[in-house]
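First up is the structure itself, then whatever we jot down about it.
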Amino acid sequence: MKTNRAVRSPGGLSVRLDVRALTVVVVLLLTALTTSVVLIGTGDFPIPAGDVLRTLVGEGNVGQEFIVTELRLPRVLVGLLVGASLGLGGALFQSISRNPLGSPDVLGLGQGATAGALTVIVLFSGTAGQVALGALAGGLVTGFAIYALAWKRGVHGYRLVLVGIGVSAIVTAVNGYLLTKSDIVDAARAVVWMTGSLDGRDWDQVWPLLALCAVLVPLVLAHGRGLRMLEMGDDVSYALGVRVERVRLLLMLSAVLLTASATAAAGPVSFVALTAPQLARRLTRAPGPNLAASLCMGAALLVTADWVSQRAFGAEQLPVGVVTGVLGGVYLLWLLVTERRAGRI
(Lines give C-alpha, C1' and ligand atoms only; values in the text may rest on other atoms or scores of the structure.)
Protein backbone atom coordinates (compact mmCIF):
# COMPACT_ATOMS: atom_id res chain seq x y z
CA MET A 1 0.00 0.00 0.00
CA LYS A 2 1.37 3.41 -0.99
CA THR A 3 1.64 5.96 1.76
CA ASN A 4 2.63 8.83 -0.57
CA ARG A 5 0.14 10.22 -3.03
CA ALA A 6 0.31 13.14 -5.42
CA VAL A 7 -2.65 15.51 -5.27
CA ARG A 8 -3.15 17.84 -8.26
CA SER A 9 -5.21 20.99 -8.19
CA PRO A 10 -7.25 22.22 -11.20
CA GLY A 11 -4.56 24.84 -11.80
CA GLY A 12 -1.89 22.18 -12.24
CA LEU A 13 -0.28 22.52 -8.80
CA SER A 14 0.96 19.16 -7.51
CA VAL A 15 1.34 18.39 -3.81
CA ARG A 16 2.81 15.19 -2.37
CA LEU A 17 0.63 13.84 0.42
CA ASP A 18 1.96 11.36 2.98
CA VAL A 19 -1.17 9.49 4.04
CA ARG A 20 0.42 7.81 7.07
CA ALA A 21 1.89 11.07 8.40
CA LEU A 22 -1.43 12.87 7.89
CA THR A 23 -3.25 10.08 9.72
CA VAL A 24 -0.81 10.28 12.63
CA VAL A 25 -1.30 14.06 12.86
CA VAL A 26 -5.08 13.69 12.90
CA VAL A 27 -4.98 10.92 15.54
CA LEU A 28 -2.59 12.91 17.76
CA LEU A 29 -4.73 16.02 17.42
CA LEU A 30 -7.87 14.09 18.37
CA THR A 31 -6.00 12.51 21.29
CA ALA A 32 -4.90 15.91 22.57
CA LEU A 33 -8.41 17.37 22.27
CA THR A 34 -10.09 14.33 23.84
CA THR A 35 -7.65 14.31 26.74
CA SER A 36 -8.25 18.04 27.17
CA VAL A 37 -12.00 17.52 27.51
CA VAL A 38 -11.43 14.75 30.06
CA LEU A 39 -8.95 16.94 31.93
CA ILE A 40 -11.39 19.86 32.08
CA GLY A 41 -13.94 17.54 33.67
CA THR A 42 -11.43 16.27 36.25
CA GLY A 43 -11.23 17.71 39.74
CA ASP A 44 -12.96 18.06 43.09
CA PHE A 45 -16.14 18.90 41.18
CA PRO A 46 -16.21 16.35 38.31
CA ILE A 47 -18.07 17.29 35.16
CA PRO A 48 -19.09 14.69 32.53
CA ALA A 49 -17.50 15.10 29.10
CA GLY A 50 -20.87 15.86 27.51
CA ASP A 51 -21.49 18.69 29.94
CA VAL A 52 -17.99 20.01 29.33
CA LEU A 53 -18.66 20.19 25.58
CA ARG A 54 -22.02 21.88 26.12
CA THR A 55 -20.42 24.39 28.46
CA LEU A 56 -17.70 25.16 25.94
CA VAL A 57 -20.36 26.11 23.36
CA GLY A 58 -22.20 28.26 25.91
CA GLU A 59 -24.98 25.90 27.00
CA GLY A 60 -23.82 25.03 30.54
CA ASN A 61 -25.26 26.31 33.80
CA VAL A 62 -23.69 29.15 35.78
CA GLY A 63 -21.64 26.89 38.03
CA GLN A 64 -20.28 24.87 35.13
CA GLU A 65 -19.49 28.04 33.17
CA PHE A 66 -17.39 29.36 36.05
CA ILE A 67 -15.53 26.10 36.70
CA VAL A 68 -14.84 25.36 33.05
CA THR A 69 -14.09 28.77 31.54
CA GLU A 70 -12.46 30.49 34.50
CA LEU A 71 -10.71 27.71 36.42
CA ARG A 72 -9.91 24.74 34.19
CA LEU A 73 -9.97 25.80 30.55
CA PRO A 74 -7.06 28.29 30.85
CA ARG A 75 -4.87 25.63 32.48
CA VAL A 76 -5.64 23.13 29.72
CA LEU A 77 -5.05 25.70 26.97
CA VAL A 78 -1.70 26.63 28.49
CA GLY A 79 -0.83 22.92 28.59
CA LEU A 80 -1.75 22.47 24.92
CA LEU A 81 0.16 25.57 23.82
CA VAL A 82 3.23 24.81 25.94
CA GLY A 83 3.33 21.20 24.75
CA ALA A 84 2.91 22.25 21.11
CA SER A 85 5.61 24.92 21.44
CA LEU A 86 8.08 22.52 23.05
CA GLY A 87 7.34 19.77 20.52
CA LEU A 88 7.82 22.12 17.57
CA GLY A 89 10.89 23.79 19.10
CA GLY A 90 12.45 20.39 19.79
CA ALA A 91 11.81 19.24 16.21
CA LEU A 92 13.50 22.37 14.87
CA PHE A 93 16.61 21.98 17.02
CA GLN A 94 16.95 18.26 16.30
CA SER A 95 16.58 18.87 12.57
CA ILE A 96 19.03 21.80 12.48
CA SER A 97 21.62 19.93 14.55
CA ARG A 98 20.85 16.62 12.77
CA ASN A 99 21.13 15.00 16.18
CA PRO A 100 18.34 13.36 18.25
CA LEU A 101 19.94 14.83 21.38
CA GLY A 102 19.81 18.36 19.99
CA SER A 103 16.83 19.45 22.06
CA PRO A 104 16.34 22.56 24.22
CA ASP A 105 16.71 20.38 27.35
CA VAL A 106 20.21 19.31 26.35
CA LEU A 107 21.29 22.59 24.75
CA GLY A 108 20.57 24.60 27.90
CA LEU A 109 17.74 26.85 26.74
CA GLY A 110 15.52 25.71 29.59
CA GLN A 111 18.32 26.40 32.05
CA GLY A 112 18.85 29.83 30.47
CA ALA A 113 15.18 30.70 30.86
CA THR A 114 15.39 29.44 34.45
CA ALA A 115 18.36 31.73 35.08
CA GLY A 116 16.35 34.70 33.85
CA ALA A 117 13.42 33.80 36.07
CA LEU A 118 15.64 33.18 39.11
CA THR A 119 17.34 36.54 38.62
CA VAL A 120 13.97 38.29 38.79
CA ILE A 121 12.80 36.22 41.77
CA VAL A 122 15.97 36.32 43.86
CA LEU A 123 17.37 39.76 43.09
CA PHE A 124 14.20 41.77 42.49
CA SER A 125 11.37 39.74 44.12
CA GLY A 126 9.41 40.28 40.91
CA THR A 127 5.77 39.56 40.19
CA ALA A 128 4.58 36.57 38.16
CA GLY A 129 4.50 38.67 34.98
CA GLN A 130 8.03 39.95 35.58
CA VAL A 131 9.25 36.40 36.22
CA ALA A 132 7.77 35.33 32.88
CA LEU A 133 9.52 38.21 31.09
CA GLY A 134 12.76 37.31 32.87
CA ALA A 135 12.46 33.71 31.70
CA LEU A 136 11.82 34.84 28.13
CA ALA A 137 14.83 37.17 28.21
CA GLY A 138 17.04 34.47 29.73
CA GLY A 139 16.09 31.99 27.03
CA LEU A 140 16.78 34.51 24.25
CA VAL A 141 20.18 35.50 25.67
CA THR A 142 21.18 31.84 26.07
CA GLY A 143 20.06 31.00 22.54
CA PHE A 144 22.07 33.90 21.13
CA ALA A 145 25.14 32.84 23.12
CA ILE A 146 24.91 29.26 21.88
CA TYR A 147 24.54 30.38 18.27
CA ALA A 148 27.43 32.85 18.51
CA LEU A 149 29.78 30.36 20.18
CA ALA A 150 28.86 27.56 17.74
CA TRP A 151 29.40 29.78 14.69
CA LYS A 152 32.39 28.93 12.53
CA ARG A 153 31.65 29.49 8.86
CA GLY A 154 28.17 28.28 9.71
CA VAL A 155 26.54 26.32 12.50
CA HIS A 156 26.91 22.56 12.37
CA GLY A 157 25.22 19.78 14.29
CA TYR A 158 27.67 18.31 16.79
CA ARG A 159 29.35 21.66 17.44
CA LEU A 160 25.94 23.13 18.30
CA VAL A 161 25.21 20.26 20.69
CA LEU A 162 28.64 20.41 22.37
CA VAL A 163 28.48 24.17 22.81
CA GLY A 164 24.94 23.84 24.15
CA ILE A 165 26.02 21.26 26.71
CA GLY A 166 28.84 23.54 27.87
CA VAL A 167 26.56 26.57 28.13
CA SER A 168 24.00 24.44 29.98
CA ALA A 169 26.61 23.46 32.58
CA ILE A 170 27.61 27.08 33.12
CA VAL A 171 24.03 28.33 33.42
CA THR A 172 23.15 25.48 35.78
CA ALA A 173 26.00 26.58 38.05
CA VAL A 174 24.69 30.16 37.93
CA ASN A 175 21.23 28.91 38.92
CA GLY A 176 22.70 27.05 41.87
CA TYR A 177 24.56 30.18 42.97
CA LEU A 178 21.38 32.27 42.79
CA LEU A 179 19.52 29.73 44.91
CA THR A 180 22.22 29.69 47.59
CA LYS A 181 22.12 33.50 47.80
CA SER A 182 18.34 33.75 48.13
CA ASP A 183 16.34 33.85 51.34
CA ILE A 184 14.10 30.94 52.30
CA VAL A 185 10.90 32.47 50.89
CA ASP A 186 12.39 33.33 47.50
CA ALA A 187 14.20 29.96 47.37
CA ALA A 188 10.95 28.08 47.98
CA ARG A 189 9.19 30.13 45.31
CA ALA A 190 12.04 29.53 42.88
CA VAL A 191 12.10 25.77 43.44
CA VAL A 192 8.35 25.53 42.81
CA TRP A 193 8.76 27.45 39.56
CA MET A 194 11.77 25.36 38.49
CA THR A 195 9.77 22.14 38.79
CA GLY A 196 7.49 23.08 35.90
CA SER A 197 3.80 23.26 36.71
CA LEU A 198 0.43 24.26 35.24
CA ASP A 199 -1.12 25.04 38.63
CA GLY A 200 -2.77 28.43 38.84
CA ARG A 201 -2.43 29.21 35.14
CA ASP A 202 -5.07 31.61 33.86
CA TRP A 203 -5.92 33.68 30.80
CA ASP A 204 -2.97 36.01 31.44
CA GLN A 205 -0.68 33.16 30.35
CA VAL A 206 -2.93 31.99 27.51
CA TRP A 207 -3.15 35.13 25.37
CA PRO A 208 0.59 35.98 24.97
CA LEU A 209 1.48 32.36 24.21
CA LEU A 210 -1.43 32.01 21.79
CA ALA A 211 -0.43 35.21 19.95
CA LEU A 212 3.19 34.06 19.66
CA CYS A 213 2.17 30.62 18.38
CA ALA A 214 -0.23 32.21 15.88
CA VAL A 215 2.74 34.04 14.34
CA LEU A 216 5.55 31.49 14.68
CA VAL A 217 3.80 28.20 13.85
CA PRO A 218 2.70 29.24 10.31
CA LEU A 219 6.13 30.83 9.76
CA VAL A 220 7.94 27.63 10.73
CA LEU A 221 5.64 25.36 8.72
CA ALA A 222 6.10 27.60 5.68
CA HIS A 223 9.86 26.97 5.88
CA GLY A 224 9.45 23.21 6.24
CA ARG A 225 10.82 22.54 2.77
CA GLY A 226 13.95 24.60 3.42
CA LEU A 227 14.48 22.79 6.73
CA ARG A 228 14.18 19.45 4.94
CA MET A 229 16.85 20.57 2.48
CA LEU A 230 19.15 21.61 5.35
CA GLU A 231 19.10 18.03 6.64
CA MET A 232 20.88 16.97 3.45
CA GLY A 233 23.82 19.28 4.16
CA ASP A 234 24.74 22.88 3.41
CA ASP A 235 26.30 22.21 -0.01
CA VAL A 236 23.24 20.40 -1.32
CA SER A 237 20.97 23.08 0.15
CA TYR A 238 22.94 25.84 -1.58
CA ALA A 239 22.74 23.94 -4.86
CA LEU A 240 18.95 23.67 -4.48
CA GLY A 241 18.61 27.41 -3.96
CA VAL A 242 18.16 27.51 -0.17
CA ARG A 243 19.61 30.53 1.64
CA VAL A 244 21.17 28.31 4.27
CA GLU A 245 22.25 30.69 7.02
CA ARG A 246 19.20 32.91 6.63
CA VAL A 247 16.82 29.96 6.94
CA ARG A 248 18.83 28.40 9.77
CA LEU A 249 18.96 31.64 11.75
CA LEU A 250 15.24 32.31 11.26
CA LEU A 251 14.27 28.80 12.35
CA MET A 252 16.65 28.79 15.32
CA LEU A 253 15.26 32.14 16.47
CA SER A 254 11.74 30.71 16.15
CA ALA A 255 12.73 27.62 18.12
CA VAL A 256 14.30 29.74 20.88
CA LEU A 257 11.21 31.96 21.09
CA LEU A 258 8.88 28.95 21.23
CA THR A 259 10.93 27.25 23.94
CA ALA A 260 11.51 30.39 26.01
CA SER A 261 7.86 31.46 25.86
CA ALA A 262 6.71 27.97 26.87
CA THR A 263 9.15 28.03 29.80
CA ALA A 264 7.95 31.51 30.77
CA ALA A 265 4.34 30.27 30.85
CA ALA A 266 4.78 26.97 32.72
CA GLY A 267 8.33 26.78 34.00
CA PRO A 268 10.99 24.41 32.63
CA VAL A 269 8.83 21.38 31.79
CA SER A 270 11.50 18.84 30.97
CA PHE A 271 11.92 16.31 28.16
CA VAL A 272 8.80 17.11 26.11
CA ALA A 273 10.97 18.86 23.52
CA LEU A 274 13.29 15.84 23.44
CA THR A 275 10.75 13.04 23.24
CA ALA A 276 7.91 14.50 21.15
CA PRO A 277 9.84 14.76 17.83
CA GLN A 278 11.35 11.28 18.25
CA LEU A 279 8.01 9.66 19.02
CA ALA A 280 6.39 11.52 16.13
CA ARG A 281 9.07 10.32 13.72
CA ARG A 282 8.67 6.73 14.85
CA LEU A 283 4.92 6.90 14.33
CA THR A 284 4.97 8.58 10.92
CA ARG A 285 8.03 6.65 9.65
CA ALA A 286 8.59 9.65 7.41
CA PRO A 287 11.88 11.42 6.66
CA GLY A 288 12.29 15.08 7.44
CA PRO A 289 11.54 17.11 10.55
CA ASN A 290 7.88 16.03 10.95
CA LEU A 291 6.94 19.48 12.25
CA ALA A 292 3.16 19.10 12.38
CA ALA A 293 3.36 15.66 13.99
CA SER A 294 5.87 16.88 16.59
CA LEU A 295 3.65 19.83 17.43
CA CYS A 296 0.59 17.61 17.98
CA MET A 297 2.64 15.01 19.85
CA GLY A 298 3.97 17.64 22.25
CA ALA A 299 0.46 18.92 22.98
CA ALA A 300 -0.88 15.39 23.52
CA LEU A 301 2.07 14.42 25.75
CA LEU A 302 1.76 17.41 28.05
CA VAL A 303 -2.00 17.29 28.63
CA THR A 304 -1.75 13.53 29.18
CA ALA A 305 1.08 14.04 31.67
CA ASP A 306 -1.02 16.71 33.41
CA TRP A 307 -3.92 14.26 33.72
CA VAL A 308 -1.54 11.62 35.14
CA SER A 309 -0.11 14.13 37.62
CA GLN A 310 -3.60 14.90 38.90
CA ARG A 311 -5.15 11.42 38.98
CA ALA A 312 -2.48 8.73 39.22
CA PHE A 313 -1.28 9.46 42.76
CA GLY A 314 -4.53 9.69 44.69
CA ALA A 315 -4.96 12.84 46.71
CA GLU A 316 -1.33 13.85 46.08
CA GLN A 317 -1.09 15.99 42.97
CA LEU A 318 2.35 16.32 41.41
CA PRO A 319 3.59 19.16 39.20
CA VAL A 320 3.47 18.11 35.57
CA GLY A 321 7.23 18.65 35.30
CA VAL A 322 7.83 15.77 37.70
CA VAL A 323 5.86 13.35 35.51
CA THR A 324 7.51 14.47 32.25
CA GLY A 325 10.92 14.36 33.96
CA VAL A 326 10.51 10.74 35.05
CA LEU A 327 9.11 9.54 31.74
CA GLY A 328 11.55 11.63 29.71
CA GLY A 329 14.54 10.44 31.73
CA VAL A 330 13.67 6.82 30.99
CA TYR A 331 13.27 7.68 27.31
CA LEU A 332 16.61 9.52 27.23
CA LEU A 333 18.43 6.48 28.67
CA TRP A 334 16.78 4.27 26.06
CA LEU A 335 17.73 6.72 23.28
CA LEU A 336 21.36 6.86 24.42
CA VAL A 337 21.61 3.06 24.48
CA THR A 338 20.01 2.85 21.01
CA GLU A 339 22.31 5.49 19.54
CA ARG A 340 25.39 3.78 21.02
CA ARG A 341 24.41 0.40 19.62
CA ALA A 342 23.94 2.01 16.23
CA GLY A 343 27.47 3.46 16.50
CA ARG A 344 26.34 7.10 16.29
CA ILE A 345 27.73 8.08 19.73
Side-chain angles (χ1 to χ4, degrees), residues 25-89 128 132 192-193 195-214 217 258-259 261-273 275-276 292 294-313 316-325 327-328:
V25 169
V26 172
V27 171
L28 289 174
L29 184 60
L30 291 175
T31 301
L33 294 177
T34 302
T35 307
S36 298
V37 171
V38 174
L39 190 55
I40 291 174
T42 298
D44 294 334
F45 185 81
I47 303 175
D51 290 342
V52 171
L53 293 174
R54 281 190 289 272
T55 303
L56 290 175
V57 297
E59 297 181 0
N61 59 46
V62 176
Q64 291 172 340
E65 287 278 355
F66 175 76
I67 292 173
V68 171
T69 61
E70 296 299 325
L71 299 182
R72 297 180 184 173
L73 180 59
R75 173 180 177 140
V76 171
L77 289 177
V78 170
L80 288 171
L81 291 170
V82 167
S85 299
L86 292 175
L88 184 57
V192 170
W193 188 90
T195 305
S197 175
L198 296 176
D199 290 342
R201 298 305 183 264
D202 56 25
W203 293 104
D204 290 338
Q205 285 81 38
V206 173
W207 297 122
L209 193 55
L210 181 61
L212 191 68
C213 288
V217 171
L258 286 167
T259 305
S261 60
T263 305
V269 180
S270 58
F271 289 114
V272 174
T275 57
S294 299
L295 182 151
C296 295
M297 176 62 79
L301 278 177
L302 194 55
V303 292
T304 302
D306 193 30
W307 182 87
V308 171
S309 70
Q310 293 187 49
R311 305 298 297 175
F313 302 95
E316 296 292 331
Q317 292 191 11
L318 296 179
V320 68
V322 174
V323 177
T324 61
L327 298 178

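In what follows, residues are counted from 1 in the order of the sequence shown.
- Side-chain contact between L81 and L210 is present, with at least one heavy-atom pair separated by less than 4.5 Å.
- Between R72 and V52 there is no side-chain heavy-atom pair separated by less than 4.5 Å.
- In this structure, L77 and L209 have side chains that are not in contact, with every pair of non-hydrogen atoms separated by 4.5 Å or more.
- Closest approach of T263 to P268, counting heavy atoms only: CG2-N, 3.7 Å.
- Side-chain atoms of R75 and D199, non-hydrogen and from C-beta on, do get closer than 4.5 Å to each other.
- With contacts defined as side-chain heavy-atom distances shorter than 4.5 Å, the pair I67/Q64 does not qualify.
- The two residues V303 and L39 make their nearest non-hydrogen contact at O-CD2, 3.9 Å.
- Checking side-chain atoms of T324 against main-chain N and O of S270 turns up a donor-acceptor pair under 3.5 Å.
- Here the closest non-hydrogen pair linking S85 and A262 is CB-CB, 4.0 Å.
- At a threshold of 4.5 Å between non-hydrogen side-chain atoms, the residues L327 and F271 do not count as touching.
- Side-chain contact between V26 and L30: present, with at least one pair of heavy atoms (C-beta onward) separated by less than 4.5 Å.
- Judged by distance alone, with hydrogens and angles left aside, the side-chain atoms of Q310 form no donor-acceptor pair with the main-chain N or O of W307 at under 3.5 Å.
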Point to revise | Test log, rule side chain to side chain contact (heavy atoms under 4.5 Å, CB included), inputs S294 and L88 | key: CA-CA 6 Å; S294 299; L88 184 57; 5.7 Å; no
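- Side-chain contact between T259 and L86 is present, with at least one heavy-atom pair separated by less than 4.5 Å.
- L301 contributes atom CG, which lies 12.5 Å from atom CG of D306 (distance to the nearest 0.5 angstrom).
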